[in-house]
Amino acid sequence: MSDKTVVQLLREFVSEREWGQFHSSSNLAKSISIEAAELLECFQWSEDADPLRVQSELADVLTYAYLLADRLGLDPDTIVTEKLKETRTKYPVEKARGRSSKYDEL
C-alpha cells in the first residue's frame, strides 16, 4: 500500500467518480445501516459464515463509516479514542470483567 491514508484513498476514489454529490451525511448513514445488515446476513443461519464475504461486507461498513466521518470533519481515530474513554468509565474493569450486563446493571 502507498503512504496515503485510507481516508485519502477514499477521497480520491469518490472524486474520480464524482460521487461526492451523492454523499450527504444522511445518505452515508443510511449506507452504513444497509451494509451492516448485509454483514449481519452473513451470520443469519449459521455462525460459520464465509470469511471472504464477511471481510467484504465489513469493508463496506468501514468504508461508509470513514466517508461519513470525513464528511462531518471528524477524525475516526480521535472519535473512537474519545468514546473508548467514556466506555472505560461506564464499564470499570472490576465491575465489568467477564460480564455482558449493561453499565447501569453492573
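What you see below is based on every heavy atom in this structure, not just the backbone, and it leaves out hydrogens, waters and symmetry mates. What you see is a predicted model, and the numbers here were worked out from it, not measured in a lab.
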Student: Following the transitive rule for hydrophobic clusters with a side-chain heavy-atom cut-off under 4.5 Å over Ile, Leu, Val, Met, Phe, Trp and Tyr, establish whether Leu62 and Leu40 coincide in one cluster.
Tutor: no
Student: Quick check for you: to the nearest 0.5 Å, what is the distance between Thr63 atom OG1 and Leu9 atom CG?
Tutor: 10.5 Å
Student: For atom CZ of Arg17, decide whether the heavy atoms of other residues, nucleotides or ligands shown that lie under 6.0 angstrom number more than 12.
Tutor: yes
Student: Show your working on side-chain contact (heavy atoms from CB on, under 4.5 Å) between Tyr64 and Leu67 and close with a plain yes or no.
Tutor: CA-CA 5 Å; Tyr64 283 117; Leu67 289 170; 4.3 Å; yes
Student: May I ask whether Phe13 and Val6 are part of the same hydrophobic cluster, defined by side-chain heavy atoms of I, L, V, M, F, W, Y residues being less than 4.5 angstrom apart, directly or through others?
Tutor: yes
Student: Going only through I, L, V, M, F, W and Y residues with side-chain contacts under 4.5 Å, is there a path from Leu72 to Leu28?
Tutor: yes
Student: Working to the nearest 0.5 angstrom, can you tell me the gap between Ile34 CD1 and Asp60 CG?
Tutor: 11.0 Å
Student: Return the minimal non-hydrogen interatomic distance between Val61 and Ala36, and the atom names on each side.
Tutor: CG2-N, 3.5 Å
Student: Of Val80, Asp75, Ile79, Leu74, which is the lone residue that meets side chain to side chain contact (heavy atoms under 4.5 Å, CB included) with Asp77?
Tutor: Asp75
Student: Quick one: SG on Cys42 to CG on Asp48, what's the gap to the nearest 0.5 Å?
Tutor: 12.5 Å
Student: If you compare all heavy atoms of Ala49 against all heavy atoms of Val54, which two are closest, and at what distance to 0.1 Å?
Tutor: CB-CG2, 3.5 Å
Student: Linking I/L/V/M/F/W/Y whenever their side-chain heavy atoms sit closer than 4.5 Å, directly or via other members, would Phe22 and Val7 fall into one cluster?
Tutor: yes
Student: Considering all heavy atoms of both residues, which atom of Arg53 and which atom of Glu41 are nearest to each other, and what is their separation?
Tutor: NH2-OE1, 3.2 Å
Student: So which atom in Gly20 and which in Arg71 form the shortest heavy-atom distance, rounded to 0.1 Å?
Tutor: O-NH2, 3.1 Å
Student: Could you grab the distance from atom OG of Ser33 to atom CD of Glu38, nearest 0.5 Å is fine?
Tutor: 10.5 Å
Student: Return the NZ to NZ distance between Lys95 and Lys90, rounded to the nearest 0.5 Å.
Tutor: 14.0 Å
Student: Set out, in order, the CA-CA distance, both residues' side-chain angles and the distance that settles side-chain contact (heavy atoms from CB on, under 4.5 Å) for Asp70 and Leu10, then state yes or no.
Tutor: CA-CA 10 Å; Asp70 192 49; Leu10 288 171; over 6 Å; no
Student: Could you check whether any side-chain heavy atom of Thr89 comes within less than 4.5 Å of a side-chain heavy atom of Glu86, counting everything from C-beta outward?
Tutor: no
Student: What is the minimum heavy-atom distance between Glu57 and Glu35, and which atoms define it?
Tutor: OE1-OE1, 3.1 Å
Student: Does Ser56 reach the main-chain N or O of Leu52 with its side chain, forming a donor-acceptor pair under 3.5 Å?
Tutor: no
Student: Would you indicate whether Gln55, at its atom CD, is surrounded by more than 12 heavy atoms from other residues, nucleotides or ligands within a distance under 6.0 Å?
Tutor: no
Student: Could you go through Tyr91 and Lys102, starting from their C-alpha distance and side-chain angles, then the distance that decides it, and tell me whether this counts as side-chain contact (heavy atoms from CB on, under 4.5 Å)?
Tutor: CA-CA 8 Å; Tyr91 294 91; Lys102 191 170 176 183; 4.0 Å; yes
Student: Using modelled atom types only, decide if a donor and an acceptor are shared between the side chain of Ser15 and the backbone of Arg11 within a distance under 3.5 Å.
Tutor: no
Student: How about Arg88: does its CZ atom have over 12 heavy atoms from other parts shown lying under 6.0 Å from it?
Tutor: no
Student: Taking CD in Glu16 as the centre, count heavy atoms belonging to other residues, nucleotides or ligands within less than 6.0 Å. Is the count above 12?
Tutor: yes
